[in-house]
Amino acid sequence: MNAPAAFTVDDGTLRFSGAMTLARIGDLPTRLDRIVEAPRAVDLSGVERMDTVGAWMIHRLVRDHDVRVEGASKDAQRLLEQVGKLDSPLQMRPEATPSFFRVTGQIGAAAVQAGRTLHGLLGFFGDIVISTFGMLTHPERIRWRAISRQFEVVGVEALGIIGLMSFLIGVVIAQQGAVQLRQFGAEVFAINLIGRITLRELGVLMTAIMVAGRSGSAFAAQIGSMKLAEEVDAMRTIGVSPMEALVMPRVIATVILMPLLGFYSSLIAIVGGGLFSWLSLDIPPITFVSRIREVVPITDLWVGLLKAPVFGVIIAMAGCFQGMQVEGNAEQVGLRTTAAVVQSIFLVIVLDAFFAVFYSAIGWV
Amino acid sequence: MAGEDVIISVRGVRNAFGEQVVHEGLDLDVRRGEILGVVGGSGTGKSVLMRSIIGLQTPDTGSIEVFGEPMIGRTDAETVDVRRRWGVLFQGGALFSTLTVAENVEVPLREYYPALGETLLDEIASYKIVMAGLPRDAAPKFPSELSGGMKKRAGLARSLALDPELLFLDEPTAGLDPIGAAAFDALIRSLKETLGLTVFLITHDLDTLYAICDRVAVLADRKVVAVGTIPELLALDHPWIREYFNGPRGRAAAGAAEREDAGQPGA
């Protein structure tokens, strides 16, 4: 019963047959376009069924060639009428701008956006400083429960993954260092490498990257979805400051935990390196430890520990700031979360470079 | 009941999420050419029922047939011929956010009928967009630039893209203002009459029920407790149904529907 749509040309009359439906229309549109001679009439008496697509094909003929329609059933007649009413040329695609204007426009927009973000971040940092003073003068406003909750999420729950990462990094440094130093017969100096680089740089830096990925993104996503659900607005109307309830506990927790996690990370990396040295380089642990104590000055520990809280501020600030910027739809949460991680890792590495210059200037080399 | 005229047949369906049983021994028939309204309190599984029928959720037991084809336990490839005969409008419109409205409407056409030419695709999309009652400048816009009501209309245009025989609507008037909701009701009614659609419509909107539904199915106690026209349902002695239709909102909607009928005889 469902023959494909077809037509024959008969002395200026197009005789359609079969089912004029989307499913059965096949290549009928292209064949219709190929007709050279303009038809004068359309005969629909052989059509079994018709849907709006079939009606549209007939409507096009009527519109373009002003043909008569014969033998249309009642249903077909009604469909043709309806489809005729719907015919109004629409603009289907967004207007394309020339690529020169598009690219310069994008560069301009990105520059403005970067400026706004920097401005916003500075303002947000100011808010954090003000809130900190507020909390110092009114200690009863400190939300201990929220802070301890963040301690658990940012710190305790991160111990496993940071430990594993640090252990492996320690092993890799020991192995790579040993391979290179063996060429000079100075394998034992791999211990200097492990001890100093993990305490000064890698322990804190890798921890910062891990915390930014784990917690900075979580801050942005949590606060962002709270903003979407108007929870933040509700807080404000009730009189609770989102700065004190949401942002400060996260900032405080991250600032306190970053040095602790960084120290833990350095220790585990040294353990990893020591284990590798013992198993692969035949340096017994006792020698390894006494060697570490000889070659690593205490300033190396301060170098690492002093920059950790600064990284903590940056990570928590970028995460919370981006979360507070969420507006509109859920897609924003994703974009802002990504921005939070990229921003905090970028800023952490930039600041790390500054710290390196600073420490060497004051003689902590 | 003639088997020929039943488009959707649900028998003995059981849906459970963990401990929580949503449906138990649920039966439902949807007849050709009707608008069936599905109502029920929050959490009675109206959307779950729709998702079970369209294959997004596999029931634990029971059978579901659409156009006479069994739907459960078959792969997407096996049911492709059934799926291209229906259109689905999700609650928020579910438009693809990276595509314009016009491209959204073209997605099903491109997927199922890759042989259609670009011009014809654009023409089909354009009259579907007008058919769904969108303003003329909506086609090149992205979903994020549309209001909630326009998103629903764009979603409707996409669900109508394949000229479906069966349309699933999940709360089409939720979140629309009363004027927009009434216009949407009228649109669905007129589309049903022009295109001969069968409509499976989930709603909370009593006005919609009175205005356009031929029959109403009531979900309660994990199954369909009653199906029928509103007067038939009112004759039943089920507490939830009584409360639903005889509450202040139900009476207001009934009054509005009566006034409408009196004002437009033959409409």
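No hydrogens, no waters, no symmetry mates; every other heavy atom, side chains included, goes into these values. Below, read A as the first sequence line, B as the second, and so on, with proteins coming before strands; counting in each chain starts at 1.
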J.: Answer with side chain, backbone, both or neither: which region of B/Glu145 has an atom nearer than 4.5 Å to a non-hydrogen atom of chain A?
T.: neither
J.: Counting only heavy atoms not in A/Arg63, do more than 12 fall under 6.0 Å of its CZ?
T.: yes
J.: Tell me, for B/Ala132 versus chain A, whether the close heavy atoms (under 4.5 Å) come from the side chain, the backbone, both or neither.
T.: neither
J.: Are A/Arg93 and B/Thr100 close enough that a side-chain donor and a side-chain acceptor fall under 3.5 Å?
T.: no
J.: Less than 4.5 Å to any heavy atom of chain A: does that hold for the side chain of B/Ala125, its backbone, both, or neither?
T.: both
J.: Return yes when atom CZ of A/Phe100 has more than 12 non-hydrogen atoms of other residues, nucleotides or ligands closer than 6.0 Å, and no otherwise.
T.: no
J.: Pick out which of B/Leu134, B/Val130, B/Asp137 makes a side chain to side chain contact (heavy atoms under 4.5 Å, CB included) with A/Leu90.
T.: B/Val130
J.: Grab the two heavy atoms, one from A/Pro94 and one from B/Phe142, that are nearest each other, plus how far apart they are.
T.: CG-CE1, 4.4 Å
J.: Given heavy-atom pairs under 4.5 angstrom as the criterion, report whether the side chain, backbone, both or neither of A/Gln91 touches chain B.
T.: both
J.: For each of A/Leu22, A/Asp87, A/Thr21, A/Asp75, tally heavy-atom pairs with chain B at distances under 4.5 Å, and name the one with the top tally.
T.: A/Leu22
J.: With a 4.5 Å cut-off on side-chain heavy atoms, are A/Met92 and B/Ser126 touching?
T.: yes
J.: With a 4.5 angstrom heavy-atom cut-off, which part of A/Pro29 approaches chain B: side chain, backbone, both or neither?
T.: side chain
J.: Side chain, backbone, both or neither: which part of B/Leu116 has a non-hydrogen atom closer than 4.5 Å to chain A?
T.: side chain
J.: Under a 4.5 Å heavy-atom cut-off, does chain A meet the side chain of B/Glu123, its backbone, both or neither?
T.: both
J.: Would you find more than 12 non-hydrogen atoms of other residues, nucleotides or ligands less than 6.0 Å from B/Ile179 atom CD1?
T.: no
J.: Kindly compute the distance separating CG (B/Leu120) from OG1 (A/Thr30), expressed to the nearest 0.5 Å.
T.: 9.0 Å
J.: Can you say whether B/Lys141 sits under 4.5 Å from chain A via the side chain, the backbone, both, or neither, judging by heavy atoms?
T.: neither
J.: Please classify the contact of A/Arg78 with chain B as side chain, backbone, both or neither, using a heavy-atom distance under 4.5 Å.
T.: side chain
J.: Side chain of B/Tyr127, backbone of A/Val53: donor and acceptor closer than 3.5 Å?
T.: yes
J.: Side chain, backbone, both or neither: which part of B/Thr194 has a heavy atom under 4.5 Å from chain A?
T.: both
J.: How far apart are the C-alpha atoms of A/Leu79 and B/Leu195, what are their side-chain angles, what is the distance that settles it, and do they pass the side-chain contact (heavy atoms from CB on, under 4.5 Å) test?
T.: CA-CA 8 Å; A/Leu79 262 180; B/Leu195 308 175; 4.0 Å; yes
J.: A side-chain contact here means heavy atoms from C-beta on lying under 4.5 Å apart; do B/Met131 and A/Thr52 qualify?
T.: yes
J.: Please check if the number of heavy atoms outside B/Arg249 that lie under 6.0 Å from its CZ is greater than 12.
T.: no
J.: Is a side-chain N or O of A/Asp51 found less than 3.5 angstrom from the main chain of B/Asp163, in a donor-acceptor match?
T.: no
